[in-house]
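In what follows, chains are A, B, ... by sequence order, proteins preceding strands, each numbered from 1.
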2 protein chains.
Amino acid sequence: MSLKHAILGFLEFGPKSGYDLKRIFDRSVSNFWPAQHSQIYGTLARLEAEGLATMNIVPQTGKPDRKVYTITDAGRRAVHDWLLQEIPSIAPRSASQIQTFFLGLLSEPEILEVLRRRAKCLEEGIEELVERVPGPDDEAAKRSGRCAELDFYTYLTLDFGIERARFVLRWVNDLIEKVERGDPKRGGLAVFESRSEETKKANAP
Amino acid sequence: MSLKHAILGFLEFGPKSGYDLKRIFDRSVSNFWPAQHSQIYGTLARLEAEGLATMNIVPQTGKPDRKVYTITDAGRRAVHDWLLQEIPSIAPRSASQIQTFFLGLLSEPEILEVLRRRAKCLEEGIEELVERVPGPDDEAAKRSGRCAELDFYTYLTLDFGIERARFVLRWVNDLIEKVERGDPKRGGLAVFESRSEETKKANAP
DNA sequence: CCGGCCATGTAACAGGTTACATGATTGT
DNA sequence: ACAATCATGTAACCTGTTACATGGCCGG
């Protein structure tokens, strides 16, 4: 239920419309919590129904009306409770890990191809992330509508993303070296034991 | 679509039933790709419908019949294609990161409470993971139905899980120190600019 | 004239979680 | 007597993705 709480988190800084929120998500947390506008609008309606936010329509001339949402006390309590919640720091699902697990089914050149591509993607990703961190006196960032002085926790999450990507890149490069040295001795996966005889026979030869 | 391919990956090592697969998932990849039996059975039916596996019923005495699935050539091709696919190495969503982003809404003691709890969870998680890695001559593991000689890529994913958790733990501990030193200067999130006047006013004071 | 910004939504679909449901056998 | 193992499924639900839909205004 993180989208709900992230929206409430942003509403703590002032009333916003769905459109506002979409832009804010894209400019701040889209890195580790992307959100489509379709989802935002739906969630906002639910927040209002649950009494965590109130809505009022702001008519505009020449532009469509805005529906501006304001957080309520109940909403503030909900954010607070969520922030104190224990959330696992490691995601339970990793598509690249499950791919890695089965890499042994490929030939060595194919494995190296996959891993080198991975490394390249990571390098590019890191570059992109680094570009988003404005220096202490970043005029370009100021002009482009971004901001030179980042909030401590905003900077933190950006930094974490970069350092984590670097960590993964190091690991992938180590793995490439291992594969190049011929470390992976091919052998069946060892997860298949203590099964009925028919299946054992089917797995063995 | 990773569950589908993970199942096919396991089927490459021999025909298996849904029940078999559930146990295999729990003992091997549940760490980074958990699967419920409800999902496995459904997916198996779909694999058959798509011609990626064939099913035959194995009657048993005293036990329910087994539906044993065998991978087809089309299935093998599907796994192969999937393994060559480019999969992002960093998950796009991280619940703990989005929580971190809003930590500034809490008081300092609360922030430290959250972070220290996180560190504790990570330490416990690391211990659990380490216990699962059998040493080179691990009799206990052999007796308990696990296996002492791990396949290269099986070991790899386990190792990655541990190293990544250690990396995150180090990062959390660094953050705790920063917070204790009083580094986080409180200031509004800086993501709210270039907005219509009404909203600006609402955010500013 | 066309594309982009403003601003809102709906609907279909895919993937995963939780709970409900059945029923025989085996071990404590 | 009770719980666990074996073995299969269904159904409701939640979250997120993708595509479809509308419509005025402004700049190149």
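- The distance between the ring centers of B:Trp33 and B:Phe25 does not fall below 6.0 angstrom.
- Along DNA chain D, the nucleotide closest to B:Tyr41 and the one closest to A:Trp33 are compared, and the more 5′ of them pairs with B:Tyr41.
- The backbone N or O of B:Gln85 lies less than 3.5 Å from a partner atom in the side chain of A:Gln99, making a donor-acceptor pair.
- With DNA chain D read from its 5' end, the first of the two nearest nucleotides for A:Pro64 and A:Arg46 is the one closest to A:Arg46.
- For A:Asp26 and C:dC5, the CG to P distance is 12 Å, given to the nearest whole Å.
- A salt bridge does not link B:Arg23 with B:Asp26: every distance from a Lys NZ or Arg NE/NH1/NH2 to an Asp or Glu carboxylate oxygen is 4.0 Å or more.
- Using a 4.0 Å heavy-atom criterion, one finds that B:Gly18 contacts the sugar-phosphate atoms exclusively.
- In this structure, A:Arg117 contributes its side chain and B:Leu84 its backbone to a donor-acceptor pair below 3.5 Å.
- The distance between atom OH of B:Tyr19 and atom P of D:dT5, rounded to the nearest whole Å, is 7 Å.
- The side chain of B:Lys22 places no N or O atom within less than 4.0 Å of a non-bridging phosphate oxygen (OP1 or OP2) of D:dC6.
- Spacing between atom CD1 of A:Ile40 and atom C1' of C:dG9 amounts to 13 Å, rounded to whole angstrom units.
- Rounded to whole Å, the distance from CE on B:Met1 to P on D:dT17 is 15 Å.
- A straight line from CG of A:Leu44 to C1' of C:dA7 spans 13 Å, rounded to a whole angstrom.
- Smallest separation of non-hydrogen atoms from B:Val172 and B:Leu115: CG1-O, 3.6 Å.
- One can place CG of A:Asp20 at 14 Å from C1' of C:dC5, the figure rounded to the nearest angstrom.
- Between A:Gln36 and D:dT17, a side-chain N or O to OP1/OP2 separation shorter than 4.0 Å is present.
- Between B:Gln60 and D:dA7, a side-chain N or O to OP1/OP2 separation shorter than 4.0 Å is present.
- On a pure distance criterion of 3.5 Å, a polar donor-acceptor pair joins the side chain of A:Ser38 and the base of D:dT18.
- Look at A:Lys4 and you won't find any side-chain N or O under 4.0 angstrom from OP1 or OP2 of D:dC14.
- In this structure, A:Arg23 reaches the C:dC6 phosphate: one of its side-chain N or O atoms is under 4.0 Å from OP1 or OP2.
- For C:dG15, neither phosphate oxygen OP1 nor OP2 lies less than 4.0 angstrom from any side-chain nitrogen or oxygen of B:Arg93.
- One interatomic measurement links the two molecules: CD of B:Gln39 to C1' of C:dG15, which rounds to 6 Å at whole-angstrom precision.
- Across the protein-nucleic acid pair, B:Arg66 atom CZ and C:dT25 atom C1' stand 16 Å apart, rounded to whole Å.
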